[in-house]
Peer 1: 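Once you've had a glance at the structure underneath, I'll fire off some questions.
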There are 2 protein chains.
Amino acid sequence: MSKDTLPGLTLCNNAALRRAARKLGQFYDDVMAPSGLKATQQGLLYQIHIGDEPAMGAIAASLIMDLSALGHTLKPLIRDGYVETFADPADRRIKRVRLTPKGLVKLDEAMKLWQIAQQRFEDVAGKDKAERLRAALDEIAALDFDLPPAS
Amino acid sequence: MSKDTLPGLTLCNNAALRRAARKLGQFYDDVMAPSGLKATQQGLLYQIHIGDEPAMGAIAASLIMDLSALGHTLKPLIRDGYVETFADPADRRIKRVRLTPKGLVKLDEAMKLWQIAQQRFEDVAGKDKAERLRAALDEIAALDFDLPPAS
DNA sequence: GCGTGATGGTGGCATATGCCACTAAATGAA
DNA sequence: TTCATTTAGTGGCATATGCCACCATCACGC
């Protein structure tokens with residue numbers, strides 16, 4: 001294939017996804033900046049909030065995130081006093097996570113900004129299109145790429 | 001809004017996008033692992049390859065990536081001898097980037113793996129759906145979220 | 001030719017994510 | 001009970017990304 005006829009990176013599903021994620025991330029982060037939280041942090045606080053003192057593994061699974069990555073991401077939030085952890089009394093391997101009162105206040109503040117970003121996105125992209133997009137993304141998240149066992 | 005009725009994070013366009021990006025990134029990275037490149041690196045090498053000794057700023061713009069982020073990402077590729085940079089003779093502020101012969105060989109190797117990942121994704125997700133997804137993602141990447149000037 | 005401001009990159013710092021090796025704790029089989 | 005196995009997290013290391021302050025260059029008006 002000659003260089004002149006090579007397709008753009010738009011052809012790669014993964015590259016297109018990352019590119020869009022950078023774009024959208026920059027926008028959401030911008031809008032959320034006044035809260036001092038990144039959009040990822042707001043999402044994480046929210047995920048913790050809607051869970052019932054979720055275990056780290058459960059959060060990681062929901063977010064399709066590596067467990068250790070979650071641990072790292074949690075650190076600044078713990079350092080800043082938004083989140084605290086405690087061992088599950090029934091199984092001391094399990095570490096559960098919850099918001100502190102300060103974290104709850106911060107989440108409220110961040111959610112107001114999130115709504116602005118979300119609204120603006122839907123205004124610009126179209127509500128229907130946004131909904132279909134989220135559905136498509138959720139489908140991807142649910143896919144199973146494992147090759148069937150060679151049995 | 002009571003905690004019980006709070007919507008899942010599926011409602012946030014940005015969160016859904018990142019979640020899907022993690023999922024797909026893990027899959028592509030997995031398949032590309034034998035080459036020693038991450039999918040992001042393969043994408044970057046490819047972008048450099050299809051450009052005509054592109055300037056850093058031009059690459060960053062294509063990928064909707066921060067210029068400094070691009071600089072960071074490029075470092076391991078330069079260190080490993082896949083990429084080299086040189087100042088534009090006509091404007092010494094501009095730094096251009098190109099693949100080394102070694103980088104070209106590595107890109108070839110990585111592209112073969114990429115095709116496997118891409119093919120498998122399209123088999124699992126459906127070719128039409130993948131195409132529509134990429135189109136939607138490109139649209140997002142092209143959106144303009146700026147508020148119109150208050151003039 | 002001399003500022004002066006715009007342009008293109010770098011470096012430092014911080015978060016986002018992932019993999020791997022390792023530890024602690026629970027589970028289950030012998 | 002005892003020991004091998006599995007499960008849940010941690011810490012270290014590496015890449016991915018972004019923001020900001022700063023430096024070098026260029027373009028322009030005078």
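Residue numbering restarts at 1 for every chain, and letters A, B, ... go by the order of the sequence lines.
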Peer 1: Check B/Glu122 with B/Lys129, please: is the shortest side-chain N to carboxylate O separation under 4.0 Å?
Peer 2: no
Peer 1: Please state how far atom CG in B/Asp88 lies from atom C1' in D/dT25, giving the value in whole angstrom units.
Peer 2: 12 Å
Peer 1: For B/Cys12, is there any backbone N or O sitting under 3.5 Å from a side-chain donor or acceptor partner on A/Arg134?
Peer 2: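 Looks like no, no N/O pair under 3.5 Å.
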Peer 1: For A/Pro89 and for B/Ala55, locate the closest nucleotide of DNA chain C by heavy-atom distance; then report the residue assigned to the nucleotide nearer the 5' terminus.
Peer 2: B/Ala55
Peer 1: Within this structure, what is the CG-to-C1' distance between A/Asp91 and D/dA8, rounded to whole angstrom?
Peer 2: 8 Å
Peer 1: Heavy atoms under 4.0 Å, any strand shown: does A/Gly71 hit a base, just sugar-phosphate, or nothing?
Peer 2: nothing
Peer 1: In whole angstrom, what separates A/Met56's CE from D/dG9's P?
Peer 2: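 In whole Å, D/dG9 P lies 6 Å from A/Met56 CE.
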Peer 1: Return a single string for nucleotides 13-22 of chain D, one symbol per nucleotide in 5' to 3' order, where B is base contact, S is sugar-phosphate-only contact and - is none, cutoff 4.0 angstrom on heavy atoms.
Peer 2: B-SSBBBB--
Peer 1: Counting only heavy atoms not in B/Glu131, do more than 12 sit closer than 6.0 Å to its CD atom?
Peer 2: no
Peer 1: Throw together a table of side-chain donor-acceptor distances under 3.5 angstrom for residues 71-79 of chain A, partners on residues two or more places apart or in other chains.
Peer 2:
| unit_1 | atom_1 | unit_2 | atom_2 | d |
| --- | --- | --- | --- | --- |
| A/Thr73 | OG1 | A/Ala69 | O | 2.9 |

Peer 1: Is it the case that B/Arg98 places NZ or CZ above or below the six-membered ring of B/Phe86, under 6.0 angstrom from the centre and within 45 degrees of the axis?
Peer 2: yes
Peer 1: Please tell me if the side chains of B/Arg96 and B/Pro54 come closer than 4.5 Å, counting only heavy atoms from C-beta onward.
Peer 2: no
Peer 1: Is the shortest side-chain N/O distance from B/Arg92 to OP1 or OP2 of D/dC26 below 4.0 Å?
Peer 2: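 True: B/Arg92 side-chain N/O within range (under 4.0 Å) of D/dC26 OP1/OP2.
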Peer 1: Just the rounded figure in Å: distance from C1' of D/dA27 to CZ of B/Arg93.
Peer 2: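 Interatomic distance, CZ of B/Arg93 to C1' of D/dA27: 8 Å.
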Peer 1: How many Å lie between NZ on B/Lys75 and P on C/dG9, as a whole number?
Peer 2: 14 Å
